[in-house]
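Working notes, beginning with the structure itself.
Proteins get letters first, then strands, A, B, ... in listed order; numbering begins at 1 in each. Heavy-atom basis, side chains included; hydrogens, waters and symmetry copies ignored.
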Number of protein chains: 8
Amino acid sequence: MGKSKGFHDLGFAKVDTGRALRRGFPEVVYCPGKRTEHILSIAKEILRRKQDLLLTRLNEAVYGDLRRSLPGLRYNASAGLAYLRSSRKHKPVKGTVLVISAGTADIPVAEEAAATLEVTGIRVKRLYDVGVAGVHRLFGSARLLKGAAVIIVVAGMEGALSSLVSGLVACPVIAVPTSCGYGASFGGLSALLAMLNCCSPGVTVVNIDNGFGAGYFASRVLAARSGRNY
Amino acid sequence: MGKSKGFHDLGFAKVDTGRALRRGFPEVVYCPGKRTEHILSIAKEILRRKQDLLLTRLNEAVYGDLRRSLPGLRYNASAGLAYLRSSRKHKPVKGTVLVISAGTADIPVAEEAAATLEVTGIRVKRLYDVGVAGVHRLFGSARLLKGAAVIIVVAGMEGALSSLVSGLVACPVIAVPTSCGYGASFGGLSALLAMLNCCSPGVTVVNIDNGFGAGYFASRVLAARSGRNY
Amino acid sequence: MGKSKGFHDLGFAKVDTGRALRRGFPEVVYCPGKRTEHILSIAKEILRRKQDLLLTRLNEAVYGDLRRSLPGLRYNASAGLAYLRSSRKHKPVKGTVLVISAGTADIPVAEEAAATLEVTGIRVKRLYDVGVAGVHRLFGSARLLKGAAVIIVVAGMEGALSSLVSGLVACPVIAVPTSCGYGASFGGLSALLAMLNCCSPGVTVVNIDNGFGAGYFASRVLAARSGRNY
Amino acid sequence: MGKSKGFHDLGFAKVDTGRALRRGFPEVVYCPGKRTEHILSIAKEILRRKQDLLLTRLNEAVYGDLRRSLPGLRYNASAGLAYLRSSRKHKPVKGTVLVISAGTADIPVAEEAAATLEVTGIRVKRLYDVGVAGVHRLFGSARLLKGAAVIIVVAGMEGALSSLVSGLVACPVIAVPTSCGYGASFGGLSALLAMLNCCSPGVTVVNIDNGFGAGYFASRVLAARSGRNY
Amino acid sequence: MGKSKGFHDLGFAKVDTGRALRRGFPEVVYCPGKRTEHILSIAKEILRRKQDLLLTRLNEAVYGDLRRSLPGLRYNASAGLAYLRSSRKHKPVKGTVLVISAGTADIPVAEEAAATLEVTGIRVKRLYDVGVAGVHRLFGSARLLKGAAVIIVVAGMEGALSSLVSGLVACPVIAVPTSCGYGASFGGLSALLAMLNCCSPGVTVVNIDNGFGAGYFASRVLAARSGRNY
Amino acid sequence: MGKSKGFHDLGFAKVDTGRALRRGFPEVVYCPGKRTEHILSIAKEILRRKQDLLLTRLNEAVYGDLRRSLPGLRYNASAGLAYLRSSRKHKPVKGTVLVISAGTADIPVAEEAAATLEVTGIRVKRLYDVGVAGVHRLFGSARLLKGAAVIIVVAGMEGALSSLVSGLVACPVIAVPTSCGYGASFGGLSALLAMLNCCSPGVTVVNIDNGFGAGYFASRVLAARSGRNY
Amino acid sequence: MGKSKGFHDLGFAKVDTGRALRRGFPEVVYCPGKRTEHILSIAKEILRRKQDLLLTRLNEAVYGDLRRSLPGLRYNASAGLAYLRSSRKHKPVKGTVLVISAGTADIPVAEEAAATLEVTGIRVKRLYDVGVAGVHRLFGSARLLKGAAVIIVVAGMEGALSSLVSGLVACPVIAVPTSCGYGASFGGLSALLAMLNCCSPGVTVVNIDNGFGAGYFASRVLAARSGRNY
Amino acid sequence: MGKSKGFHDLGFAKVDTGRALRRGFPEVVYCPGKRTEHILSIAKEILRRKQDLLLTRLNEAVYGDLRRSLPGLRYNASAGLAYLRSSRKHKPVKGTVLVISAGTADIPVAEEAAATLEVTGIRVKRLYDVGVAGVHRLFGSARLLKGAAVIIVVAGMEGALSSLVSGLVACPVIAVPTSCGYGASFGGLSALLAMLNCCSPGVTVVNIDNGFGAGYFASRVLAARSGRNY
């Protein structure tokens with residue numbers, strides 16, 4: 001698994017320094033449950049190695065604290081995502097990812113997906129609030145659907161939109177269930193199960209509210225499309 | 001609660017003889033878990049009172065046994081439903097119920113709904129195999145959708161079809177989740193939750209595989225439409 | 001699905017402008033998870049088109065903010081529902097909807113159903129706190145039960161009331177499970193399952209606490225009763 | 001816990017010989033998962049000590065096998081219960097237990113409860129098929145309800161009957177959920193949850209299909225009523 | 001169900017005025033989800049009829065508000081229970097109820113059971129913190145166990161104590177699962193399931209944290225023991 | 001949505017004739033719950049249009065029946081998959097899919113994925129029985145891992161293998177939970193949840209045992225890689 | 001992870017040849033879902049390397065088939081376990097494992113644990129049918145409890161026995177929930193949750209019915225006790 | 001179970017004074033749900049008997065209050081654990097426990113395990129942040145793995161790390177699922193199920209977030225290793 005040790009040991013954390021090389025994407029920091037000083041130490045180590053820094057599920061207050069020590073750190077409040085791009089240039093990647101949301105309340109998760117892609121230099125288009133309650137809103141965007149290399153569908157409640165979209169296109173569709181809803185949505189379980197039971201093949205699913213995971217996976221598909229795996 | 005006692009006591013069962021008058025629909029016999037001789041005694045009591053007989057979830061072997069004692073009993077094998085209509089005429093009911101199935105495997109449940117309605121003299125149209133994997137199959141039937149007084153949507157797996165149909169029409173939509181599927185469909189739970197979380201209002205839901213319940217409810221809506229409640 | 005585009009694109013939302021025509025009920029705004037400025041923009045677009053405005057699950061503080069920009073917006077605090085009726089007259093609809101609650105704590109959900117109906121000009125009667133712990137309270141209102149064209153039953157805990165009511169009437173019964181209860185009510189799951197497993201046919205179910213959905217569906221049944229679907 | 005060892009060791013089983021003295025009821029053999037020869041050995045040990053023998057959940061084939069070695073063993077096929085009463089007389093117990101079933105399919109569980117009581121010399125009355133779909137069938141038996149010292153209510157599907165009965169009487173009500181039903185009854189879970197969430201106090205619950213447990217508990221209440229605990 | 005109407009209609013509530021006569025226990029007010037002014041109106045109606053007043057799950061702040069209008073209202077803070085006994089004397093009831101808690105954190109639920117009994121004039125003994133982790137603490141109280149007419153066992157986590165106690169006594173055992181615990185206790189589900197699956201017969205179960213229900217049921221058993229049902 | 005109607009109506013089914021054009025993959029027939037004569041009619045319609053025929057979850061007996069009417073139909077017994085390739089040539093697709101199974105019992109699901117890909121002309125490599133219990137078996141195949149354009153990981157029980165594989169590669173990883181296991185695997189739920197909660201990004205998930213869905217999705221990724229979407 | 005490749009590749013399986021050295025226990029074959037010829041090939045490879053062979057969850061018919069090719073293979077029918085010990089001697093291990101079952105129906109799982117230990121040369125004592133319904137049966141064996149180095153407790157239904165045993169001893173207790181029970185035992189879930197929520201520390205848990213896993217783990221504890229890890 | 005009474009009765013609690021002798025570990029106080037004055041009384045009783053005091057799940061504010069009355073009480077904020085060691089010396093125990101965490105957010109639970117061990121004088125090594133997303137971080141510590149007598153693996157999300165570690169070592173592995181994660185981790189359920197379904201034998205599991213339980217159990221294994229059970 002590589003000749004060098006491949007990580008930097010901070011005691012409370014072992015920063016995976018070989019990840020960009022091995023996986024085509026540097027280590028991303030999932031912030032919940034981590035202390036601010038821990039996030040800071042990890043972030044500094046990543047930056048010291050001239051890699052892109054991406055912090056997910058970061059709330060605005062902690063961002064404020066971090067920013068003092070990490071000038072240049074930017075924040076996408078809607079997505080809860082902070083990032084600081086290294087000076088290294090991303091190789092251009094062909095193809096556009098279309099991020100679709102079923103409702104307005106799903107937008108933060110959709111933005112997490114979109115921002116993850118944009119940070120790594122991938123072109124994103126957005127199509128928001130086209131849920132199945134008014135399906136003509138989706139059909140009005142047939143050209144957007146056809147032009148996408150990958151589609152990410154973000155939906156809560158009954159999670160029906162991914163089945164519908166998948167039936168219309170040839171490209172891979174990544175479904176993100178969200179916790180939008182109440183009662184028998186059981187925190188996103190309803191949408192999750194619906195998406196897993198999709199009668200229309202061509203759909204895979206990530207965890208509830210995991211916009212980052214969908215964006216990351218889409219970047220891997222596009223890298224594959226470009227004839228290289230990282 | 002009526003002046004007469006309102007039921008006939010068979011010991012193991014108390015046949016609700018006032019139900020047709022009270023509810024506009026005679027007592028219907030749900031067969032699972034009942035012994036054949038019990039079903040037979042209940043059926044005879046219903047027929048003795050010149051009421052329509054409807055037996056649900058009856059398997060073909062038991063039907064064979066019952067038929068010997070109940071000449072004229074007819075059987076809808078696809079729906080698992082036996083019936084014997086009384087000589088009394090049903091008052092004509094205005095309006096048509098459209099029964100839609102998402103897939104071919106959902107047809108037995110759809111037929112249970114359709115047969116329940118037809119036994120009571122209500123006009124039914126069928127639109128089968130128009131699931132969201134190929135949504136143009138549904139849109140090809142726009143006239144059928146618009147012409148229905150009530151629509152019953154029968155779907156398993158992700159149960160997305162009821163949301164979609166509901167978004168297209170003004171009439172009430174009754175959703176029937178089915179146990180078609182595998183894995184994370186958990187015996188119909190996935191479709192059930194999706195239908196309950198429908199983002200498009202105008203949908204109510206019955207139990208998994210309960211085609212009879214959907215047909216019965218639709219008959220109550222049409223009776224209301226006809227300006228009488230029974 | 002219609003020749004015009006049928007929606008107005010606000011970027012973060014696509015207001016479904018054809019909904020009143022297509023479905024007989026204008027787009028209703030479900031507020032949780034939406035930013036106040038988004039709710040406001042959508043509301044203004046709906047009003048600009050001279051349609052009835054209905055905002056559900058709106059808390060009082062946000063209502064206060066909205067009201068400054070939307071003079072005339074009224075608020076039903078018990079139901080958490082704000083509305084502003086257009087000057088257009090509703091065609092009169094025949095028939096009354098009876099809204100029943102099992103307990104006092106179920107009243108907010110019952111009021112959401114009742115208010116949804118009243119906003120659209122439908123006559124509503126209320127029968128509150130008649131749960132099965134003292135069933136004579138229900139039987140004391142036999143006339144109310146018989147006179148209803150549609151009945152909505154709102155109940156938490158064991159959700160038994162819808163079965164009982166359904167056994168007494170011929171009209172359609174819509175059951176709304178509520179999250180009232182504790183322990184093994186699991187946030188309304190107990191009532192939901194009970195209502196779905198109703199041994200008395202003639203009952204359909206909506207999501208937990210979904211008073212709006214029940215009211216909306218009842219309005220669709222009455223529209224059918226009035227001989228038109230919208 | 002007593003001076004003697006209080007059990008007889010068969011190696012694979014330790015027959016609790018002090019149970020009748022300690023608990024007022026001899027050890028009862030739950031048969032599923034036990035080999036026939038094991039059941040036989042345990043039974044013989046109980047009989048050797050001149051105690052009443054009660055075997056629950058015994059299927060008819062195994063009963064046939066056991067009977068050859070245990071002449072006098074009787075079988076209640078509906079309840080799946082075999083028993084052989086010792087020659088010792090039961091002290092008379094005051095009061096009657098009323099066993100109520102919601103439907104015909106719940107009778108086997110109701111019979112398990114009733115037979116458990118009758119084997120120990122307690123008077124039982126039965127009231128079957130009085131579920132909430134036709135509630136007048138229950139009200140027609142008001143005298144039976146009032147005359148009972150304890151009531152056992154056996155119901156599947158939505159399990160509403162125990163709430164209703166409890167609201168009418170002053171005596172303790174023991175609720176037995178059954179696995180009768182399909183779909184969202186989830187093997188009796190629906191009835192179980194409903195009974196646990198009973199809005200009418202005075203109800204306690206046993207495991208799904210546990211007619212024996214309800215009968216046993218009722219016998220303990222009556223023993224208390226008779227002024228002794230065993 | 002009786003000749004008089006049997007309830008008093010407050011609009012938002014229908015106070016069940018016949019309950020003491022019918023059930024041997026006046027209507028008890030479950031407070032969560034009810035507005036303070038509603039609780040007050042119901043309480044006044046109960047007091048006007050000279051019945052005992054019992055308010056459950058009442059928090060201390062609301063109690064403070066109520067007390068101003070209801071002088072004499074007393075409060076058991078540990079149990080979250082307020083009460084005001086009428087001047088009518090309770091007929092003496094024979095027998096003692098033993099309330100057992102597994103741990104110290106289960107005491108509030110145990111106190112709810114104990115206080116419910118004491119308000120109605122029933123003698124209660126307490127045996128707290130005798131969980132299975134140190135079973136000798138239970139065996140040190142064998143005399144208390146033997147002397148009880150009914151035992152209530154309150155336990156969270158694995159809920160094992162009810163099985164153990166039941167194996168030692170002849171009297172009825174009522175098990176109350178509590179939500180004490182974390183992780184895989186899933187809010188009391190673990191204890192609830194364990195108690196329902198009790199291998200030792202003689203146990204019935206109430207809802208999670210439902211100390212009141214257990215106390216109420218125990219009072220019904222003792223009333224039965226006293227040869228009258230109310 | 002295409003100019004032609006786009007489907008062929010068989011009454012019980014509507015064959016989606018435009019799917020190959022629209023989605024790059026012809027309609028695939030999921031066989032469970034369908035009658036043999038229905039499968040046959042659908043198959044004939046697909047073949048009549050000179051499209052590839054793929055039948056999933058077909059048992060061997062039904063295959064035997066179908067084969068008489070469909071000469072040339074081939075069967076992969078391990079995968080439960082029948083197919084008949086049209087004479088049209090598939091355009092060559094660049095890239096290999098690596099199908100990995102954790103255990104020997106997962107092979108049928110892995111074969112369903114592999115066969116789905118091979119039928120459509122995509123190169124597949126297999127790496128079976130490399131679960132985490134002996135992780136060196138996976139590391140011995142580092143070259144295979146690096147050379148894949150897409151990886152499908154099939155695993156039951158704890159479903160840990162997809163996380164591990166994903167951490168080693170840059171290409172997209174599709175995880176297929178299987179129902180292999182017992183007890184707390186709850187029919188594949190354990191593996192499903194584990195895969196959804198993957199701490200290593202780059203993984204998406206399909207339904208339990210859905211080898212076909214994983215294969216289909218991988219073919220969509222490779223089609224994208226080849227610079228066309230169908 | 002070792003210099004040699006460490007496994008033997010059979011194509012459908014990769015036999016982990018280094019496991020005995022690495023883990024102190026050779027690869028054990030879990031049979032469900034594996035074809036008989038696959039089991040045979042794996043078994044032969046293990047024997048060829050002069051390692052102990054252990055096959056779990058093997059039914060008697062398959063054992064019969066295997067035995068023809070594997071003379072000397074022995075079978076423990078109660079445990080569903082086949083084994084063939086190599087001629088190599090096990091180093092003696094100090095300490096006895098006590099295997100306790102709550103009921104008679106739990107014996108097959110208990111035997112799987114016991115047999116797993118005995119095959120590897122570890123001394124086992126058995127104490128069966130000492131469940132909490134008659135707790136004196138356990139206390140009668142205090143010496144056995146004190147003398148054990150490790151205790152395995154096997155119990156279904158409410159799974160209370162592990163808490164009780166753990167409270168009495170100082171040694172590690174391994175709890176095995178079983179699927180014995182019905183209704184709300186939900187296939188062993190009830191016992192599993194109870195054991196995980198054990199209020200008495202010193203207990204860890206394995207999967208439902210996983211007697212093998214408990215035996216294996218106990219052998220690892222004893223190896224540790226003997227001052228070596230394999 | 002011993003001649004003396006073995007506990008000290010405080011009314012609200014019965015302090016188990018014989019526990020250190022019986023179990024080799026004094027009573028440990030689980031603080032949630034207990035009042036501060038109750039914790040204090042129990043603590044004083046333990047200290048009065050010159051035993052080690054260990055308080056788990058204690059928040060910092062309550063610690064502050066307790067400390068005033070219990071000088072010398074120390075607090076591990078990361079683990080939420082307070083302790084006060086008696087002057088008695090612990091007998092030295094051979095062997096080291098290795099505590100591994102998958103991520104940084106799992107550290108508090110890992111610290112609870114480590115601190116529990118250290119308080120009782122057992123040597124602990126820590127290996128944090130070596131989750132499967134970068135598995136080389138684990139392999140870089142092969143010597144640590146080999147040198148441990150017992151390993152505790154703490155992981156949330158997919159809980160895969162325990163399977164992986166177990167496959168590499170011969171010593172017993174105790175798995176602690178944590179509630180780290182979101183969405184379909186369902187509060188730690190995902191990790192719990194994964195660990196229970198471990199395909200690699202040699203793993204047992206404790207409750208979600210139960211670091212204390214894992215530490216306690218490990219101390220019991222080492223006590224066994226040291227040739228004594230307490």
Inset, instruction - Taking the side chain as every heavy atom from C-beta outward, state whether G:P26 and G:R19 have any pair of such atoms under 4.5 Å apart. - result: no

Legend entry - Min side-chain heavy-atom separation G:H8-G:D16 under 4.5 Å: no

Inset, instruction - Report the residue from F:L58, F:L81, F:N76, F:T36 that forms a side-chain contact (heavy atoms from CB on, under 4.5 Å) with F:Y63. - result: F:L58

Inset, instruction - Kindly indicate whether the side chain of F:T120, heavy atoms from C-beta on, has any atom under 4.5 Å from the side chain of F:Y216. - result: no

Legend entry - CZ (F:R57) with more than 12 external heavy atoms under 6.0 Å: yes

Inset, instruction - Just say parallel, tilted or perpendicular for the rings of G:F25 and G:F212, cut-offs at 30° and 60°. - result: perpendicular

Legend entry - F:K34 to F:Y30 six-membered ring, cation-pi geometry met (6.0 Å, 45°): no

Inset, instruction - Inspect the surroundings of CZ in G:R126 and state if more than 12 heavy atoms from other residues, nucleotides or ligands are less than 6.0 Å away. - result: yes

Legend entry - Within residues 96-118 of chain F, residues adjacent to chain G where the heavy-atom gap is under 4.5 Å: F:T104, F:A105, F:I107

Inset, instruction - Report the option among G:N210, G:D9, G:D209 that has the most heavy-atom pairs separated by less than 4.5 Å from atoms of chain F. - result: G:N210

Legend entry - Any residue of residues 173-187 of chain F which, by heavy atoms, sits under 4.5 Å from chain G: F:G181, F:Y182, F:G183, F:A184, F:F186

Inset, instruction - Please examine the side chains of F:S141 and F:K125, heavy atoms only from C-beta on, and report whether any two atoms are closer than 4.5 Å. - result: no

Inset, instruction - Would you sort out whether F:V29 and F:I46 count as a side chain to side chain contact (heavy atoms under 4.5 Å, CB included), showing the intermediate values? - result: CA-CA 10 Å; F:V29 186; F:I46 291 171; 4.0 Å; yes

